[in-house]
Trainee: 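Okay, here's the structure, questions in a sec.
Computed from a predicted structure; not experimentally measured.
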Amino acid sequence: MAWFSPKPLLIPDIIALNAASLNAKDAVICDGATTSWNAFGRGTGQVANALFGTGLKQGDRVVVLMHNSYEMVEAMFGIIRAGLVTVPLNVAINDAAVAGMIADCGAKAIIASGEHISRIEGCRSQIAAAIGDRFIGVACRQDGWFDYSQLRDAATSVTDVNIDRDDICNIIYSSGTTGMPKGIIHDHACREAWGSDMAVSLRYHSGARTLLTLGLYSNISWVAMLATLFVGGTLVVQRRFDPVDCLKAIEQDAITHTVVVPLQLRKLLECDRFDKFDLTSLDTYMCCGSPLAVALKREVIERMPGDLIELYGLTEGLITVLPPEEALDKIESVGRACPGQHLAIIDEKNRVLPAGSAGEIVGTSRFLMAGYYGNDAANAAATWVHPSGQRWLRTGDIGKFDDAGFLFLVDRKKDMILSGGQNIYPADIEAILVDHEAVSEVAVVGVTSKKWGETPLAVVVPIAGANIATEELTAWANDRLGKQQRIAATVFVTELPRNPNGKILKRELRLKFADLEN
């Protein structure tokens, strides 16, 4: 029996310890206002007590529907300190989806801001039975709503609760690029592992000043928030992404770390004022959310100060990183599995494949999700059973390893096109098309074909002023593609549909062009 039995440190413990030891150090900066670690610790504790005062019990789910703000950071971590479950929702989803997710997670309270209060009012009759009177609004003067600041400030004491490592910390809904979003459960042990492991892999340190421009409901933002909180750094929160505002913040707030998606990187580099700002404070910045094109990756490495770390991963909990010192040698790779993870490639018969063979990526890690909330069918569909009997996660992504353990993405399994009995990976075709000087962006999807069953269609965003016909671009691409890869047609669009993290919604393109006969 151990003489000492130290208690594992979870998120509430980290916040409380940092509040006590870091005291006046900056914890959160937003809209020009700075909150110290001491004040942040006190505020999250008051939020926890205030929520208990409304009749909530440990384990109850609290929905957060807010634009980025200091209050959103404080509210989410206050919910966690109470042993409640925070459920941040994507503000870009429609009202029907909001109501559906509130019902799906069984929420007992809602915290909303600004225009989202009226959105909740629109579905209030559907959710009132479960929520009761626990409707909480930021800067709210709406009848039937508690004002967030008044509720928090009335709770003057701070009392931490006993939280078990297996208790649910948060539920984050998937991006929904391939169907109805699923509630991804992270327990407290999982979130502790996310914070500590990502802080190491993404090279966070006590001097970290992390810029957040993506929605705080996104797990990409959560990776940065947790890593920064765990090292006692400073979060710099912007309400939304704007290239100039982002560059200005890096210079003025001496930003050392940030997280971005490829679309944001492109917008930063295309900004006509990019070279006017001093970005030398940048230490490390992580890019994820969708594949980073090789040409863009090279340009970022060449033009931006600091170290780019490309990350491939899922909110469900598998991660690879491409370290900056290996990026140029493995430019087409998304790196190796983070320490403490096991990844493998399997074929359609669930057999493990050797290096060099393409198949579905599966894996397990110490921060793997507990499962999809209330969705056993989805849990079963996402499961591959390792020969040891352990349940591993199916990613739905197609990839392959080289002999050194670097992962190369091939495509999404659901995006694969089956044409004349042959598997065609759209990413291979996209890699050819994007090299054409007239092509800004491209997405290849499968559409119905009388002859082949399914055939590739190229959906292209041409560069401004491009003078090329769709037939000409189709012929150019087919001259460079294998016989079985050739595209049936090309269509021009002004933009590709994306989710808030910049991931292309190919499902929408397949629906839009479903009736295109070939």
Trainee: Got a list of side-chain donor-acceptor pairs under 3.5 Å for residues 10-25, not counting sequence neighbours?
Mentor:
{"residue": "Asp13", "atom": "OD2", "partner": "Leu10", "partner atom": "N", "Å": "2.9"}
{"residue": "Asn18", "atom": "ND2", "partner": "Leu229", "partner atom": "O", "Å": "2.8"}
{"residue": "Ser21", "atom": "OG", "partner": "Leu17", "partner atom": "O", "Å": "2.9"}
{"residue": "Lys25", "atom": "NZ", "partner": "Ser206", "partner atom": "O", "Å": "2.6"}
{"residue": "Lys25", "atom": "NZ", "partner": "Gly232", "partner atom": "O", "Å": "2.7"}

Trainee: Determine which pairs satisfy side chain to side chain donor-acceptor pair (under 3.5 Å) with at least one residue from residues 398-409, sequence neighbours left out, and list them in order.
Mentor: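 Side chain to side chain donor-acceptor pair (under 3.5 Å) check on residues 398-409 returns Lys330-Asp402.
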Trainee: Applying ring pair (Phe, Tyr, Trp, His ring centres under 6.0 Å), name anything that partners Tyr217, two or more places apart in sequence or on another chain.
Mentor: none
Trainee: Just to verify, what does Arg152 make a salt bridge (Lys or Arg N to Asp or Glu O under 4.0 Å) with, not counting sequence neighbours?
Mentor: Glu74
Trainee: Any ring-ring contact (aromatic ring centres under 6.0 Å, His included) involving residues 237-273? Give me the pairs, sequence neighbours left out, ordered by first then second residue.
Mentor: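 Every ring-ring contact (aromatic ring centres under 6.0 Å, His included) pair that includes a residue of residues 237-273, provided the two are not neighbours, is Tyr204-His257, His205-His257.
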Trainee: Who pairs with Asp187 by salt bridge (Lys or Arg N to Asp or Glu O under 4.0 Å), at least two apart in sequence or on another chain?
Mentor: none
Trainee: Excluding sequence neighbours, so at least two apart, what forms salt bridge (Lys or Arg N to Asp or Glu O under 4.0 Å) with Glu302?
Mentor: none
Trainee: Name each donor-acceptor pair under 3.5 Å that joins a side chain in residues 265-275 to protein atoms two or more places apart or in another chain, with its distance.
Mentor:
{"residue": "Arg266", "atom": "NH2", "partner": "Glu441", "partner atom": "OE2", "Å": "3.0"}

Trainee: With sequence neighbours excluded, what pairs up with His116 under the ring pair (Phe, Tyr, Trp, His ring centres under 6.0 Å) test?
Mentor: His67
Trainee: Tell me, please, which residues at least two apart from Lys349 pass salt bridge (Lys or Arg N to Asp or Glu O under 4.0 Å).
Mentor: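 Lys349 satisfies salt bridge (Lys or Arg N to Asp or Glu O under 4.0 Å) with no other residue.
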Trainee: Show every side chain to side chain donor-acceptor pair (under 3.5 Å) that has at least one partner inside residues 244-253, sequence neighbours left out.
Mentor: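 Every pair satisfying side chain to side chain donor-acceptor pair (under 3.5 Å) with a residue in residues 244-253: there are none.
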Trainee: Under 3.5 Å, which donor-acceptor pairs do the side chains of residues 305-313 form with other protein atoms, sequence neighbours left out?
Mentor:
{"residue": "Glu310", "atom": "OE1", "partner": "Lys297", "partner atom": "NZ", "Å": "2.5"}
{"residue": "Tyr312", "atom": "OH", "partner": "Asp397", "partner atom": "OD2", "Å": "2.7"}

